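Below you'll find the structure, written out as structure tokens, and then a few comments.
Please read all numbers here as calculations on a predicted model, not as lab measurements.
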Amino acid sequence: MHAKLNLFCLLSAAMVLASNPFVPATAQTETPDGICCAEPSSSPQSDRQAPARGSTNPGDVVLDFEGLENLEPVEEFYNGGLGGNGSGPGPDFGITFSDNAQAIIDSDAGGTGNFGGEPSPDTILFFLSGSAATMNVSDGFTNGFSFFYSAINQPGEIIVYDGLDGTGNVLATLDLPVTPTNGDPDPTGQFSPLVSTGVNFSGTARSVDFGGTIDQIGFDNITLGSSVPGGAAPPTPEFRSVPVGGLTWVILLTLSLMVAGVVVLRG
């Protein structure tokens, strides 16, 4: 009888402990690494001199975020004004960003970004608060929208609106699936590479929400007016050795004999 009672007490205590929310779990889910903040692996940010840039392809505006400091809010930089830390003035494209939209520089270039393979080194866009960073375009844009992005742990989403600040009609949505990690061409950044995507739409867009999980998605070369992103740096030409075939050896031997004949005649 006592043995059955003791067994009942032990089982009851175990059930209470299992249902008690204040008992700490024995296994914790590890927080995935984010885009911020890696240790800089080269010169410090204060020594880095980057030009204020924003490139324009024929009919397209491309935002590459160069010229902004590490972790600097973008703010009015692409409205002919300044970033949150005073960088600029940037190009006057009539584009502003929400307060949570920040630039971050690759740790290989002296910043704290845990990413690589960005299409136009060394700065990208990301956010550390809220569910999305919002871009406003006062004059609007048409036809399409595109960019490069990396999201190695959590997916993201893009929503294009015909009103400012994410209001009005939705012109397009674009799901952003999880991307590869630690890939070419820069394996030192976990959020690497950045992959390209885009969408076409009808109407005039005036704002875009760059949605996802904070510190888990980054964007670069945001392109207005095209479903194919622009402004990417051209790839480094790959050197390939050309095998020397039999015909090539014949030509080389003939040239050598001709040179030798000229030398003999002159001698």
Side-chain angles (χ1 to χ4, degrees), residues 35 50-68 74-80 83 88 90-98 101-106 113 115-127 132-151 155-164 166 170-177 179 185 191-212 217-235:
I35 290 177
R53 244 171 42 188
S55 55
T56 305
N57 289 346
D60 304 334
V61 170
V62 182
L63 313 182
D64 58 19
F65 304 100
E66 303 304 322
L68 289 158
V74 181
E75 295 185 356
E76 300 282 335
F77 186 79
Y78 284 114
N79 195 30
D92 189 3
F93 294 150
I95 296 173
T96 60
F97 282 84
S98 55
Q102 292 178 266
I104 187 168
I105 295 172
D106 193 337
F115 61 87
E118 59 274 19
S120 54
D122 300 296
T123 314
I124 68 172
L125 173 77
F126 84 131
F127 57 94
T134 302
M135 177 183 72
N136 285 315
V137 184
S138 58
D139 293 335
F141 63 99
T142 58
N143 300 326
F145 175 71
S146 53
F147 50 91
F148 291 79
Y149 83 100
S150 179
E157 182 184 33
I158 293 296
I159 306 177
V160 182
Y161 299 90
D162 66 0
L164 296 174
V170 174
L171 301 182
T173 60
L174 184 62
D175 292 330
L176 305 178
T179 59
F191 286 76
S192 174
L194 275 72
V195 300
S196 62
T197 189
V199 64
N200 289 309
F201 59 84
S202 299
T204 300
R206 289 183 174 82
S207 65
V208 178
D209 275 351
F210 296 85
I217 190 166
F219 306 89
D220 200 12
N221 285 41
I222 295 172
T223 303
L224 281 60
S226 173
S227 60
V228 179

Quiz item: Out of Asn136, Leu63, Ile222, which one pairs with Ile95 under the side-chain contact (heavy atoms from CB on, under 4.5 Å) rule?
Solution: Leu63

Quiz item: Taking atom CG of Asp175 and atom CD1 of Ile159, what is their separation to the nearest 0.5 Å?
Solution: 9.5 Å

Quiz item: Side chains of Tyr78 and Val61: closer than 4.5 Å at any heavy-atom pair?
Solution: no

Exercise. Measure the spacing between OG1 of Thr142 and CG of Asn200 and express it to the nearest 0.5 Å.
Key: 10.5 Å

Practice problem: Can you measure from CD1 (Ile124) to CD (Glu66) and round to the nearest 0.5 angstrom? | Solution: 10.5 Å

Practice problem: Hey, could you give me the CD1/CD1 distance between Ile35 and Ile104, rounded to the nearest 0.5 Å? | Solution: 7.0 Å

Quiz item: Would you say the side chain of Ile158 lies within less than 4.5 Å of the side chain of Val208, judging by non-hydrogen atoms?
Solution: yes

Quiz item: Can any side-chain N or O of Ser98 pair as donor or acceptor with the backbone N or O of Ala133 at less than 3.5 Å?
Solution: no

Quiz item: Just how far is it from atom CE of Met135 to atom CZ of Phe141, taken to the nearest 0.5 Å?
Solution: 4.5 Å

Quiz item: Taking all atoms of both residues into account, what is the closest heavy-atom pair of Ser192 and Ser150, and its distance?
Solution: N-OG, 3.9 Å

Exercise. Please report the closest heavy-atom contact between Ala103 and Phe126, naming both atoms and the distance.
Key: O-CE2, 4.2 Å

Quiz item: How about Asp92 and Asn79: do any of their side-chain heavy atoms sit closer than 4.5 Å?
Solution: yes

Practice problem: Walk me through it: do Tyr161 and Leu171 pass the test side-chain contact (heavy atoms from CB on, under 4.5 Å)? | Solution: CA-CA 5 Å; Tyr161 299 90; Leu171 301 182; over 6 Å; no

Quiz item: Among Asp64, Leu68, Asp220, Val74, which one satisfies side-chain contact (heavy atoms from CB on, under 4.5 Å) with Leu125?
Solution: Val74

Exercise. Indicate the atoms forming the closest heavy-atom contact of Ser120 with Gly231, along with that distance.
Key: CB-O, 3.9 Å

Quiz prompt | Minimum-distance pair of heavy atoms, taken over all atoms of Leu194 and Phe191 | solution = CD1-O, 3.9 Å

Quiz item: Which atom pair, heavy atoms only, marks the closest approach of Asp209 to Ala132?
Solution: CB-CB, 4.2 Å

Exercise. Among Tyr149, Phe145, Phe127, find the residue that satisfies the ring-ring contact (aromatic ring centres under 6.0 Å, His included) test when tested with Phe210.
Key: Phe145

Quiz item: Do Glu76 and Thr96 meet the criterion of a side-chain donor-acceptor pair at a distance under 3.5 Å?
Solution: no

Self-check item: Atom of Pro229, atom of Ser146 and distance for their closest heavy-atom approach
Solution: N-OG, 3.0 Å

Quiz item: So do the side chains of Phe147 and Thr197 get within less than 4.5 Å of each other, counting heavy atoms only?
Solution: yes

